[in-house]
Amino acid sequence: MVFNGAGGTYRLDGDTYTETIDYGLPGMVRFIGKQAVYQIGVERDTMRISGVLDDQIEVREVWVRVRK
């Protein structure tokens, strides 16, 4: 089940990922037009993202590639 989500345009400069929120589910509407700045690291099949959304919400994500 998905509770919140947002997306938009982004820029990647080295290990800094900056996203401008262009759209979102109802719980994220207040962030539309704002930027989120994250640090990204990739090691083998794992990508780690950490940063702060709108100077308020700490974000930490870990993405692992799934292979068949």
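Numbers for residues simply follow the sequence, beginning at 1. These numbers come from the heavy atoms of this one structure, side chains and all, not from hydrogens, waters or symmetry mates.
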*Asks:* With a 6.0 Å cut-off (strictly less than), is the heavy-atom count around CG of D55, excluding the residue itself, greater than 12?
*Replies:*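 Open: at most 12 neighbouring heavy atoms sit under 6.0 Å from CG of D55.
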*Asks:* When you group the ILVMFWY residues by side-chain heavy-atom contacts below 4.5 Å and let the links chain together, are I57 and Y10 in the same group?
*Replies:*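 Y10 and I57: one cluster.
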*Asks:* Of all residues at least two apart in sequence or in a different chain, which pass the side-chain hydrogen bond (donor to acceptor under 3.5 Å, both in side chains) check with R44?
*Replies:*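 Partners of R44 by the side-chain hydrogen bond (donor to acceptor under 3.5 Å, both in side chains) criterion come out as none, since no residue qualifies.
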*Asks:* Sequence neighbours excluded and cut-off under 3.5 Å, please list the side-chain donor-acceptor pairs for residues 22-43, or say none.
*Replies:*
from : atom 1 : to  : atom 2 : distance (Å)
D22  : OD2    : T9  : N      : 3.0
K34  : NZ     : D54 : OD2    : 3.2
Q35  : NE2    : T20 : OG1    : 3.4
Q39  : NE2    : T16 : OG1    : 3.2

*Asks:* Rounded to the nearest 0.5 Å, what separates atom CD in E61 from atom CD1 in I49?
*Replies:*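 E61 CD to I49 CD1: 4.5 Å, rounded to 0.5 Å.
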*Asks:* Check this for me: D13, atom CG, are more than 12 non-hydrogen atoms of other residues, nucleotides or ligands nearer than 6.0 Å?
*Replies:*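 Atom CG in D13 is not packed in, count stays at 12 or less.
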*Asks:* Shared ILVMFWY cluster between Y17 and V62, side chains joined below 4.5 angstrom?
*Replies:*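 No.
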*Asks:* Heavy atoms, side chains only, cut-off 4.5 Å: are L53 and E58 in contact?
*Replies:*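 They are not in side-chain contact.
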